[in-house]
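Notes follow once the structure below has been shown.
Note that the coordinates shown come from a computational prediction; the quantities given were computed from them, not determined experimentally. The figures that follow rest on heavy atoms only: side chains count, while hydrogens, waters and symmetry mates do not. For ligands, and for the atoms within them, numbers begin at 1 and follow the listed sequence.
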Amino acid sequence: MTFPKNFLWGGATAANQIEGAYDVDGKGLSVTDIMTAGGLDHPRLLTYKMDGKLQKSPSAPGQGLPEGAVGAIDHNEYYPNHVAIDFYHHYKEDIKMFADMGFKTFRLSIAWTRIFPNGDDEQPNQVGLDFYRHVFEECKKYDIEPLVTISHYEDPLHLSEKYNDWQDRGMIDCYVKYAKTLFKEYKGLVKYWLTFNEINSAVLFLNMFGGNGTDEDYQHAYQKLHYQFVASARAVKLAHEIDPNYVIGNMICGIVDYPMTPDPKDVLLNRHDWEQDLFYCGDAQCKGKYPTFAKRLWDEHNVHLDITEQDEKDMLEGKVDMYTFSYYMSNVVTTHEVKDKVGGNFAAGAKNPYLKYSEWGWATDPTGLQYYLEVMYDRYELPIMIVENGLGAVDKISDDGKIHDDYRIDYLRLHIEAMQKAIDDGVDLIGYTTWGCIDCVSAGTGQMSKRYGFIYVDRDDEGNGSLDRMPKDSFYWYKKVIESNGNDL
Ligand code: BGP
């Protein structure tokens, strides 16, 4: 029972959650730059609803929403990602700390708006390109392989408005041009790329929150996904042309569903949830075509998609090379009445009596990770990477001035043990990057106090703090894990 020799141990982040410096050196506004401290849990400016219909957002922060809009927010609120942990100015120090832990890989995303400030500019922004070049060079200094997410919930605001959040195929060309720029620019510096973070979230979240999505919501989500599949496929093809050594992955939000009862109706519902939430996107990007059940999913919500023959050809020719996913928790589904419900950020459904829940209602379920790995490897037979996993918790500085985050160590240890079991089962697991390896702004709550890191960053929910970095106990533990290639847990 041991991990493969070149196993990629590391950690994961996203530009909008760590970089800060949101308006410097020519960077344009991205959709996350106009989200408040409420984070994704709160209605977004871009998708507010009026009279039951999705509406276009106002064009700039500070511009009010019309009366009657659901999701109107106070524009004077604090935007935590504007500074975040200021990785933009601390990247050398941070990468050095990752190297001290022995990282083999570091997952980060590129802020599209640093490269193309509006998303559809003629020429890329040289200062933005240089920034990431310096980051990658710093990684190389320590033999850390960058793992780059091309798009992590940070579309350029201008594009998102122009194309109403991927409702127009004009978005595809902009994405492909952006991706091509990166593939050419960072040839030799980067090997691993992910096209879209948690691509399935568009439809998964509609389904998770009590199935409240309207037909229009589903129409929007499936059309957005289709254009993203085509954009991803065209990027994969280009990447392989530019450098045959490039390895490109999809990225799925891997929430495992279980049926609450043995009632066959629950078991079938569970199967259908796996199809809609996970296999639909997995198949489109790994098999290059829509699954047979896609028609049922579209018909269920009266969805009609703009799909061309060329799109289908592109999807087939642009299959990804590896399957990657985030994993935090499992979920329970049922057709029956639910007595004991889970509540929290991004948590919904029935409570599982066999599992413990985090402060945010996320179920700790390492067996679910093993289950997921075995199902997905069997389905796609592609190398797999877990590119996010971890425990969000409020960390307290003890009297000795240190952070004793044994709860985090326990969580990660159990998940690494589950990974070992999947590997023993034959799963070709090639890497593991824990989420938020350094504390960052939470996507769901928009706050700093939900922390995941091995490295503590002194900054609070109101934006106070020195931004100083400090290793937690988990820092030394993970270092040992990597040193022993997963044997010393
Ligand atoms: C995933 C996102 C990440 C990250 C993580 C933790 O869905 O890809 O960006 O934030 O979840 O979620 P949260 O920050 O809400 O705790």
Side-chain angles (χ1 to χ4, degrees), residues 10-19 30-33 35-42 44 80-81 84-85 87 106-112 147-155 194-209 228 249-256 277-278 281 324-331 342-348 357-364 369 372 385-395 405 407-408 411-412 415 432-454 457 459 461:
T13 59
N16 71 89
Q17 292 171 262
I18 59 166
E19 285 179 4
S30 75
V31 292
T32 29
D33 292 330
M35 283 166 59
T36 63
L40 289 170
D41 272 356
H42 288 236
R44 300 174 63 168
N81 72 319
I85 59 160
F87 176 80
F106 169 43
R107 176 176 174 228
L108 72 164
S109 74
I110 291 183
W112 187 338
L147 164 61
V148 179
T149 317
I150 297 169
S151 173
H152 192 127
Y153 297 149
E154 48 214 353
D155 289 341
L194 308 178
T195 53
F196 288 97
N197 182 65
E198 294 187 334
I199 192 165
N200 59 324
S201 60
V203 59
L204 168 79
F205 293 159
L206 277 184
N207 196 31
M208 254 182 83
F209 300 126
Q228 291 190 334
N250 66 339
M251 195 315 201
I252 299 284
C253 178
I255 295 180
V256 166
D277 298 347
L278 304 168
C281 290
T324 89
F325 67 105
S326 62
Y327 181 81
Y328 295 90
M329 60 179 147
S330 59
N331 195 23
V342 186
N345 87 299
F346 290 121
Y357 285 80
S358 84
E359 225 173 292
W360 283 271
W362 295 21
T364 296
L369 176 60
Y372 190 95
M385 243 199 251
I386 302 160
V387 295
E388 283 184 31
N389 174 237
L391 179 73
V394 175
D395 293 324
D405 56 342
Y407 36 89
R408 181 167 293 112
Y411 178 100
L412 295 173
H415 286 79
Y432 178 60
T433 57
T434 66
W435 174 251
C437 47
I438 180 163
D439 288 347
C440 61
V441 177
S442 153
T445 69
Q447 294 172 338
M448 274 302 299
S449 49
K450 189 182 187 193
R451 295 172 186 269
Y452 288 85
F454 301 118
V457 180
R459 189 163 172 87
D461 290 341

Exercise. Look at the side chain of Gln17 and the backbone N and O of Val441, then say whether any donor-acceptor pair between them is shorter than 3.5 Å.
Key: yes

Here the atoms of ligand 1 under 4.0 Å from any heavy atom belonging to Asn197 are 8 (O)

Side-chain donor/acceptor of Asp461 to backbone N/O of Ser449, under 3.5 Å | yes

So the atoms of ligand 1 within less than 4.0 Å of a heavy atom of Trp362 turn out to be 12 (O), 16 (O)

Counting from 1 in the order shown, the ligand 1 atoms closer than 4.0 Å to a non-hydrogen atom of Tyr452 are 6 (C), 12 (O), 13 (P), 16 (O)

For Gly444, the atoms of ligand 1 under 4.0 Å from one of its heavy atoms are 13 (P), 14 (O), 15 (O)

Evaluate the ring planes of Trp362 and Tyr452, with Trp represented by its six-membered ring, and classify them as parallel (under 30°), tilted (30 to 60°) or perpendicular (over 60°). tilted

Under 4.0 Å between heavy atoms, the region of Ala14 that gets near ligand 1 turns out to be neither

All heavy atoms of Val457 vs all of Arg451, minimum pair found to be O-NH1, 2.9 Å

Of Leu204, Leu206, Ile255, the one forming a side chain to side chain contact (heavy atoms under 4.5 Å, CB included) with Asp277 is Leu204

Quick look: Trp360 vs ligand 1, heavy-atom contacts under 4.0 Å, and the answer is neither

Query raised in the report: Taking C-beta and beyond as the side chain, do Val256 and Tyr327 meet within less than 4.5 Å on heavy atoms?
Result: yes

Near Ser442 (heavy-atom distance under 4.0 Å), the atoms of ligand 1 are 13 (P), 14 (O), 15 (O), 16 (O)

Return a yes/no value for Tyr153: is any of its N or O atoms, backbone included, closer than 3.5 angstrom to an N or O of ligand 1? no

Among Lys450, Gln17, Gln447, Glu388, the residue with a heavy atom nearest to atom 8 (O) of ligand 1 is Glu388

**Message:** Checking the side chain of Asn16 only, and the main-chain atoms of His152 only, is there a donor and an acceptor separated by less than 3.5 Å?
**Reply:** yes

